[in-house]
Amino acid sequence: MKSVKKAVIPAAGLGTRFLPATKALAKEMLPIVDKPTIQFIVEEARAAGIEDILIVDGKSKRSIEDHFDSNPELEAALEADGKLEKLQMVQETTDINLYFIRQSKPRGLGDAVLQAKAFVGDEPFVVLLGDDMTRDEVPLTKQLINQYEKTGESTLAVVKVPHEETKKYGVIDPIEKVGDNLYQVRQFVEKPNPDEAPSDLAIIGRYLLTPEIFEELENTKPGKGGEIQLTDAIDSLNKRQHVYAHEFTGRRYDIGSKIGFLETSIEFGLEHPETKDELREYIKKLAQEM
Ligand code: UTP
């Protein structure tokens, strides 16, 4: 069995939920306290043993490339001022095997993943979306890799969501539990209305896919919203090979929505050594005034 060493991070969406902030700035560059969200995603991939990462970006995504590039002027200034911790922080972002490709038009997540075909070749790979940040003892990407090492088949991360929220997600129709948190799946359904949703297990932004997904993507017609839906291609792949669902029980932060983004910022701000005490006091004061 080939080991999983490559990751793809699609970051070419329009980010309409964060307008006007995302008119010129990539949504993935919005920071949680002081770190761009895409850096958290890259760190999760690396913690799972991923060696090469392809970022699929679009227009106005230059800032992502610049963020992971070296900045000699800044580095020289930090060194001259003796700010060595900050210097190390800046240099760490360049010490990664990152590749970039453009998605010429935002034709959907499936189309974004298809741009990775040449990079991936015939190896299994993971897809990580910047809309979800996750935390657990074992990083979620590593959990998916562990499942793949048992089955040799594609595996997606799912979480339980409130039933009325199924229309925001791809949802699985599980057949049965076949292992630790692992489900065999009858069907993957994109954004079902709650009265049609086959379960409350919703796909979140971590996928481990076999390279056969590219043939399915090439044959997938635009679906909901006129976009090539990754969920549709996964559903076709499941008819050829098994695609399993791994239920994630760790902490998930939905940073693709405004409220999720704010909640995550507060939670991380309450942990950050430079902000935690003052932020706690501020929240207490606000709560008393409300
Ligand atoms: P979203 O559905 O969250 O879309 O895409 P979006 O454009 O980023 O954000 P909103 O909903 O308009 O606010 C899920 C993921 O797929 C990527 C996005 O960058 C995001 O990581 N994506 C989506 C692409 O790379 N290309 C696309 O054509 C669509």
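Along the sequence shown, the residues carry numbers beginning at 1. Indexing begins at 1, ligand by ligand and atom by atom, following the structure's order.
Other members of the cluster containing Ile266 are Leu270, Leu279, Tyr282, Ile283, Leu286, with ILVMFWY side chains joined at under 4.5 Å, either directly or via other members.
Figure legend: cation-pi geometry between Arg135 and Phe268, with NZ or CZ positioned under 6.0 Å from the six-membered ring centre and within 45° of its axis. For the pair Arg252 and Phe248, the cation-pi criterion (under 6.0 Å, within 45° of the ring axis) is not fulfilled.
Between Thr220 and Ile228, the closest heavy-atom pair is O-CD1, 3.4 Å.
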Could you tell me, for ligand 1, which of its N or O atoms are under 3.5 Å from any protein N or O, listing the pairs and their distances rounded to 0.1 Å?
unit_1: ligand 1; atom_1: 3 (O); unit_2: Arg17; atom_2: NH2; d: 2.9
unit_1: ligand 1; atom_1: 3 (O); unit_2: Lys27; atom_2: NZ; d: 3.4
unit_1: ligand 1; atom_1: 3 (O); unit_2: Asp131; atom_2: OD2; d: 2.6
unit_1: ligand 1; atom_1: 7 (O); unit_2: Leu14; atom_2: N; d: 2.7
unit_1: ligand 1; atom_1: 7 (O); unit_2: Gly15; atom_2: N; d: 2.9
unit_1: ligand 1; atom_1: 8 (O); unit_2: Lys27; atom_2: NZ; d: 2.8
unit_1: ligand 1; atom_1: 9 (O); unit_2: Lys27; atom_2: NZ; d: 3.1
unit_1: ligand 1; atom_1: 11 (O); unit_2: Arg17; atom_2: NE; d: 2.9
unit_1: ligand 1; atom_1: 11 (O); unit_2: Arg17; atom_2: NH2; d: 3.1
unit_1: ligand 1; atom_1: 12 (O); unit_2: Thr16; atom_2: N; d: 2.7
unit_1: ligand 1; atom_1: 12 (O); unit_2: Thr16; atom_2: OG1; d: 2.6
unit_1: ligand 1; atom_1: 13 (O); unit_2: Thr16; atom_2: N; d: 3.1
unit_1: ligand 1; atom_1: 13 (O); unit_2: Arg17; atom_2: N; d: 2.7
unit_1: ligand 1; atom_1: 13 (O); unit_2: Arg17; atom_2: NE; d: 3.0
unit_1: ligand 1; atom_1: 19 (O); unit_2: Ala12; atom_2: N; d: 3.3
unit_1: ligand 1; atom_1: 19 (O); unit_2: Gly13; atom_2: N; d: 2.9
unit_1: ligand 1; atom_1: 19 (O); unit_2: Glu28; atom_2: OE2; d: 3.3
unit_1: ligand 1; atom_1: 21 (O); unit_2: Pro10; atom_2: O; d: 3.0
unit_1: ligand 1; atom_1: 25 (O); unit_2: Ala12; atom_2: N; d: 2.9
unit_1: ligand 1; atom_1: 26 (N); unit_2: Gln103; atom_2: OE1; d: 2.7
unit_1: ligand 1; atom_1: 28 (O); unit_2: Gln103; atom_2: OE1; d: 3.3
unit_1: ligand 1; atom_1: 28 (O); unit_2: Gln103; atom_2: NE2; d: 3.3
unit_1: ligand 1; atom_1: 28 (O); unit_2: Arg107; atom_2: N; d: 3.2
unit_1: ligand 1; atom_1: 28 (O); unit_2: Gly108; atom_2: N; d: 2.7
unit_1: ligand 1; atom_1: 28 (O); unit_2: Gly108; atom_2: O; d: 3.4

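Here Tyr169 and Phe188 keep their ring centres 6.0 angstrom or further from each other.
Salt bridge status for Arg251 with Asp136: absent, with no side-chain N to carboxylate O gap under 4.0 Å.
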